[in-house]
Protein chains: 2
Amino acid sequence: MSGRGTNVQHHRAAGRPSVAVLSRGLIFETALRLLDERGENGFGMREIARALGVRPSALYNHVRSKEDVLDGIRDLIVARFDLSGFGVLPWDEALAQWARSYMGSFAAHPPTIAMLAVQPVAQGSRTSLMYEAVTAGLMDAGWPADRVFEVIVGLESFIIGSAFDQAAPQDMFDPSDDAGLSAMRRAYDAREQSLEGERPSSRAFERGLRVMLSGLRAELAQLNRDTDAD
Amino acid sequence: MSGRGTNVQHHRAAGRPSVAVLSRGLIFETALRLLDERGENGFGMREIARALGVRPSALYNHVRSKEDVLDGIRDLIVARFDLSGFGVLPWDEALAQWARSYMGSFAAHPPTIAMLAVQPVAQGSRTSLMYEAVTAGLMDAGWPADRVFEVIVGLESFIIGSAFDQAAPQDMFDPSDDAGLSAMRRAYDAREQSLEGERPSSRAFERGLRVMLSGLRAELAQLNRDTDAD
DNA sequence: TACACTAACGAACGGTGTTCATTAAAGAAC
DNA sequence: GTTCTTTAATGAACACCGTTCGTTAGTGTA
């Protein structure tokens, strides 16, 4: 009945508890679980506290703000990104591995995408270390410093957009009852049908990723040719 | 003293005013102006009402909710998208025109990007008509129905990401004081320097756009070849 | 044993979007 | 021209949110 930690039902008196009931990690994991289960609405400090059997104000002994919680959630997700290719595989394969794991990790937690795409990256977070690793990987592979940023941002934009699409295409634009939207209606249905159970937009993602990578390969080759010519 | 509409300072009695002081259009325009001036914070129903010389509850005679206001703002911005190329120019040039105007319209109103990228598109809005036009344009040019959606989503993802980047790169990830981020620091500085007053990331946008379009041209050519072979 | 520190509770605070009763003008019906 | 419905303003709430603060109690150190 008791000791599960997550669901102490009856009253706890004020004052420090004998056994620790909260930690940053526990708060982050609970928050992520709630976000997945209930979506962006119904996810707040009071809900997190309730799920942990605690009063809302208790959270603030471990966490500075809700934004801090969001940062913690992001780090949980970013921890699953695959950086192992950089320095080992060719840069384009490493980048593809990173992009796929990026996409997959966010797609596994749909409601986080919208929230995290908007939020600036916290300093000192695991997330900023991830960016550092990718940046360094590309520069070691010969990409000029003044282009690396744009390469990452461009690719990332595409990834986030795809994750958005994968998470909630029917919500984002559903031509359901709207009059005068025949082309969209047809395109929407045709796509729905041609997917046939395939994870939606993973196909579009693979195609787009290949297009972007081949473009980048061509650009780097061109840059190297220009450099050799000097 | 009176009748200016936008800034009636002193008390107005309850009851319907002799001259109309509010309309949906006026509310949307005011809201967009406030969003541009003060950013996402300091933009709320109370602020909009104050700017219009009106009590907050008065807005709800013209507008269903804050979300409704957001939808109105989106339509204001989307109205500036350039759809003129579809049916006139080759599909790829029409698409490029659309993409550039899309990017430019949002970049002109930075705080809107984050808010609108997240919000689903309202039914019956000018925005959904815009999507209809693009969809029809691509299908008329020979794109198969089951691919159009993914083409648009992929390109749009890239556009929104670029607009994000253009709006607030220094906020999104600033490697300022963080230790152990040498590669990012170098890339960040090199890019900053090489821009030299150029509108940030418009260069990255042009490059990325060209990459995606050439990829799409190749794909459509391949699709046509497959069809001819049958 | 004394004292600082940590971490819970519980009651607030200021802010938000929104609703509702009230009031008064506009416009339609007879 | 009077009456009635509709429209659109005010102003006072409501529920909810993230957050702060005073209080209480257990932990670890001098």
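- In this structure, B:R46 places its CZ atom 14 Å from P of D:dG11, rounding to the nearest Å.
- Nearest-nucleotide assignment on DNA chain C puts the 5′-proximal partner with A:A13, out of A:A13 and B:G44.
- B:F106 has its side chain within reach of B:L116: a pair of non-hydrogen atoms, C-beta onward, lies under 4.5 Å apart.
- Distance CG (A:L22) to P (C:dA7): 9 Å, rounded to an integer number of Å.
- The nearest whole Å value for the distance from the CG atom in B:L52 to the C1' atom in D:dT10 is 15 Å.
- Comparing B:A14 and B:R64 along DNA chain C, the residue whose closest nucleotide (by nearest heavy atom) sits nearer the 5' end is B:R64.
- One can place CE of B:M45 at 14 Å from P of D:dT10, the figure rounded to the nearest angstrom.
- Closest approach to the B:P56 side chain among D:dA9, C:dA8, C:dT18 is made by C:dT18 (side chain taken as heavy atoms from C-beta onward).
- Atom C1' of nucleotide C:dA8 and atom CG of A:N61 are separated by 7 Å, given to the nearest angstrom.
- Regarding A:R16, its CZ atom lies at a distance of 20 Å from the C1' atom of C:dG10, rounded to whole Å.
- The structure places CE of A:M45 at 15.0 Å from CZ of A:R55, a figure rounded to the nearest 0.5 Å.
- Residues A:I77 and A:I73 form a side-chain contact, since some pair of their non-hydrogen atoms from C-beta on lies under 4.5 Å apart.
- In the interface, the side chain of A:S65 is not paired with the base of D:dG18 through any donor and acceptor atom under 3.5 Å apart.
- Judged by atom type and distance alone, B:S57 reaches the base of D:dG11 through a side-chain donor-acceptor pair under 3.5 Å.
- Aromatic rings from B:F158 and A:F158 are positioned such that their centres are separated by 6.0 Å or more.
- With B:D189 as the partner, the side chain to side chain donor-acceptor pair (under 3.5 Å) test is satisfied by one option alone out of B:R186, B:R185, B:Q193: B:R185.
- Side-chain atoms of A:H62 lie closest to C:dA7 of the nucleotides C:dA7, C:dT18, D:dT10.
- If you take CG of B:N41 and P of D:dC17, they are 19 Å apart, rounded to a whole angstrom.
- Atom OH of B:Y60 is separated from atom C1' of C:dG17 by 5 Å (rounded to the nearest Å).
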